[in-house]
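Chain A is the first sequence line, chain B the second, and so forth, proteins listed ahead of strands; every chain is numbered from 1. Because the structure is a prediction, the values reported are computed rather than measured.
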Amino acid sequence: MNAANKPRVRFAPSPTGYLHVGGARTALFNWLFARHEGGTLLLRIEDTDAERNRPELLDGILAGLKWLGIEWDEGPYFQSQRLEMYHAAAERLLASGAGFACYCKASVYAGADAAPADEQEGEGDGEGPKAKRNIACPCRDLVEAERAARERDGTPRAIRFRAPRTGVTSFEDAVFGRREVQNEEIEDFVLLRSNGVPTYQLSVVVDDIDMRITHVIRGADHLSNTPKQALLYRALGAEPPIFAHVPLILGPDRTRLSKRHGATSVSSYAEEGFLPEAFRNFLALLGWSPGGNSEFLRTTEIVERFTLEGVSRTNAVFDRPKLEWFNTEYLQKPPVEDLLPYVQAELERAGLWNGSQASADPIWFAHAVDLIRPRTRLLGDFTGWARAFFNDDFDYEAEARAKFWKDDRLPALLAKLADGLAAISDWNHDACDAALRGLVAAEGVKAGLLINAARVALVGRAVAPPLFETMVVLGKDRVVARLRRALPVIAPN
RNA sequence: GGCGCUAUGGUGCAACGGUUAGCACGCGGCCCUUUCAAGGCCGAAAUACGGGUUCGAUUCCCGUUAGCGCUACCA
């Protein structure tokens, strides 16, 4: 099998907003499919709608894809630069009779679903007027003389597709199976607007033919429009590709995910400190399953196992707690080396990287991250509660002080502990442990008292890694200094 | 209103005619423990409803209900 037989898929966002979760999942599935099959992923920007189009948003979409680790092989192509192709296709359809010129006013069709709503609401007569649809446009039967007359008047002209009035149209969907619809349900949809701008239906089909797309993987909201496109393909002399409609992503209230539901842009998750691979894993399992019970799947494994057959037909609710769980898994399970670049970026973002031991000593950095990561949930934790591991400038958390610095004996005890630790020549876990145990034995206090108080003195937090491991990572000088530095702060109590 | 799609615990998935209906998140409890996590164990929690088909339905068919989608000279 050569490259020519490999699948070609595309992700085709329109720059009318940021890259949202639903789009990201569509992009991901396309990417996974392409990689699994050894195929090609193209990126196409659907920017024909000059009104809603916001070119400046494109960078954000590309950045979102980049963060997700989704790389395309061709493009980006811009539909706004391919307008002649759509015009030519529309003219060809007009010439072949598959399309026809329509001189109706746009307003005749606009808001078609607003009209039928009267329904007197009487006491349950239940016999309201049936909604009427303009299935067939009257212009489809215009005789040549009439047409010429309108043309002479300069009446604005759109081009519509002459939908068949009988029979059925079918197409193959890898997720939903073979679909068939009655042609009488298909209206004479517009191909080219009277202002010369192509509709989605036209441009998407022309492009997918021209770009030799073999599999159209997109949201299930397009399922109902697909018959029109199948018709268009054939009218344009091409065989429709295989479609794969993926179920929609819903908010917790089971309505389509939208801004109302809070964070829906990919970039917001990046900023919040999620790891791209965790996000990918989570997203992949929203509407897809490898079968069986495995859930923690590294990206390479997902690529290996991804098939369209595994895609679900039911909409899925975006569950934030589960996303967070995936993030903790990816913060903890992979080799620590995988995590380092992300932690470094987080430290840089917080201004804690330059001049730090983390930047000067890679081995130390890996150790520190390894010690901290079991307790992290988001990348921000490394510069949040774990800040003291990377910088000497940190605060003593109020709750921690209240909880572990209550005892009056503490200043004296910690001073002695500092002295004892200062005397250690071979700084390691057991030596620190022994120094502290010896002191509590001599003083007749519980080890916990000193351990907890010392932890607060060293990292400013009640919630932190085990004390002696922390001491090893911090090093003798810092530990002794921090202990002594804390004494006057404790004393006032 | 019309057309279509879908329907397993609260959520995401598994079981593609035969299981005590499985896993995970979340939730509750216990254990571990020097804080907090992690980890281990236990628990509550589901096949929307009604008909068929079948020796046998979560699984196949029909209906009902519900949710969602489409029904634009938006994409």
Touch check for A:Arg461, heavy atoms < 4.0 angstrom, all strands: base, sugar-phosphate only, or nothing?
-> nothing
Looking only at atom C1', what distance separates B:rC16 and B:rU47, rounded to whole Å?
-> 15 Å
Nearest to side-chain heavy atoms of A:Glu46, which nucleotide of B:rC36, B:rG69, B:rA75 = B:rA75
Rounded distance in Å between the C1' positions of B:rC23 and B:rA15 = 11 Å
Selection from B:rC13, B:rC68, B:rG26 that lies nearest to any side-chain heavy atom of A:Thr255 = B:rC68
Under 4.0 Å between any heavy atoms, over every strand shown, what does A:Phe468 touch: base, sugar-phosphate, or nothing? Just pick one.
-> base
Mind checking ring pair (Phe, Tyr, Trp, His ring centres under 6.0 Å) for A:His222 and listing every partner two or more places apart, or none if nothing turns up?
-> A:Tyr200
Pick base, sugar-phosphate or nothing for A:Pro466, based on heavy-atom distances below 4.0 Å to the nucleic acid.
-> base
Describe the nucleic acid contact of A:Gly287 in one word from base, sugar-phosphate, nothing, applying a heavy-atom distance below 4.0 Å.
-> sugar-phosphate
Looking at B:rG2, B:rC70, B:rG26, which one has an atom nearest to any side-chain atom of A:Glu185?
-> B:rG2
How would you label the contact of A:Arg437 with the nucleic acid (heavy atoms, under 4.0 Å): base, sugar-phosphate, or nothing?
-> base
Take atom C1' in B:rU54 and the same atom in B:rC60, then report the distance between them in whole Å.
-> 10 Å
Less than 3.5 Å apart, which donor and acceptor atoms pair up between the side chains of residues 448-467 of chain A and the rest of the protein, not counting sequence neighbours?
unit_1, atom_1, unit_2, atom_2, d
A:Asn452, OD1, A:Arg455, NH1, 3.0
A:Asn452, ND2, A:Gly448, O, 3.2
A:Arg455, NE, A:Pro465, O, 3.2
A:Arg461, NH1, A:Glu397, OE2, 3.3

Same-atom distance (C1') from B:rC31 to B:rA37, integer angstrom | 16 Å
B:rC25 and B:rA45, which share atom name C1', separated by this distance in whole Å = 14 Å
Counting any heavy atom closer than 4.0 Å, what does A:His245 reach on the DNA or RNA strands: base, sugar-phosphate only, or nothing?
-> nothing
Would you say A:Arg165 has more than 12 foreign heavy atoms packed within less than 6.0 Å of its CZ?
-> yes
Report yes if at least one side-chain N or O of A:Thr48 is closer than 4.0 Å to OP1 or OP2 of B:rA75; otherwise report no.
-> yes
Annotated protein contacts, base or backbone, on nucleotides 5-10 of chain B with a non-hydrogen cut-off under 4.0 Å, one of B, S, - each = SSS---
Identify whether any heavy atom of A:Pro247 sits under 4.0 Å from a base atom; if not, whether one sits that close to sugar-phosphate; answer base, sugar-phosphate or nothing.
-> nothing
Dot-bracket line, read 5' to 3' along RNA chain B, where crossing pairs take [ ] and | marks a partner on another strand, Watson-Crick or G-U under 3.5 Å | (((((((..((((....[...)))).(((((.......)))))....(((((..]....))))))))))))....
What nucleic acid atoms does A:Gln201 come within less than 4.0 Å of, heavy atoms only: base, sugar-phosphate, or nothing?
-> base
Establish, yes or no, whether a centroid distance under 6.0 Å links the rings of A:His429 and A:Phe468.
-> yes
Looking across every strand, which nucleic acid part, if any, lies under 4.0 Å from A:Ser194 by heavy atom: base, sugar-phosphate, or nothing?
-> base
Just checking A:Ser312: base, sugar-phosphate only, or nothing, at a heavy-atom cut-off of under 4.0 Å?
-> nothing
Measure from the side chain of A:Pro321, starting at C-beta and using heavy atoms only, and say which of B:rU34, B:rG69, B:rC25 lies closest.
-> B:rC25
For atom C1', what is the distance between B:rC41 and B:rG51, given to the nearest Å?
-> 44 Å
Given the options A:Phe279, A:Phe296, A:Tyr342, A:Tyr330 meets ring-ring contact (aromatic ring centres under 6.0 Å, His included) only with A:Phe296
Which nucleotide sits closest to the side chain of A:Glu187: B:rU71, B:rC36, B:rG12?
-> B:rU71
With A:Phe282, the ring-ring contact (aromatic ring centres under 6.0 Å, His included) member among A:Trp288, A:Trp325, A:Phe318, A:Tyr269 = A:Phe318
Can you tell me how far C1' in B:rA7 sits from the matching atom in B:rG50, rounded to whole Å?
-> 15 Å
When you compare B:rC73 with B:rG52, how far apart are their P atoms, in angstrom units rounded to a whole number?
-> 47 Å
Please work out if A:Ala462 contacts a base, only the sugar-phosphate, or nothing of the nucleic acid, heavy-atom cut-off 4.0 Å.
-> base
Show which side-chain atoms of residues 432-447 of chain A pair as donor or acceptor with protein atoms under 3.5 Å away, not counting sequence neighbours.
unit_1, atom_1, unit_2, atom_2, d
A:Asp433, OD1, A:Arg437, NE, 2.9
A:Glu443, OE2, A:Lys416, NZ, 2.8

To the side chain of A:Gln332, which of B:rG26, B:rA38, B:rA24 is closest?
-> B:rA38
Taking only residues two or more places apart in sequence or in another chain, which ones pass side chain to side chain donor-acceptor pair (under 3.5 Å) with A:Glu399?
-> none
Quick one: label A:Glu295 by what it contacts on the DNA or RNA (base, sugar-phosphate, nothing), any heavy atom closer than 4.0 Å.
-> base
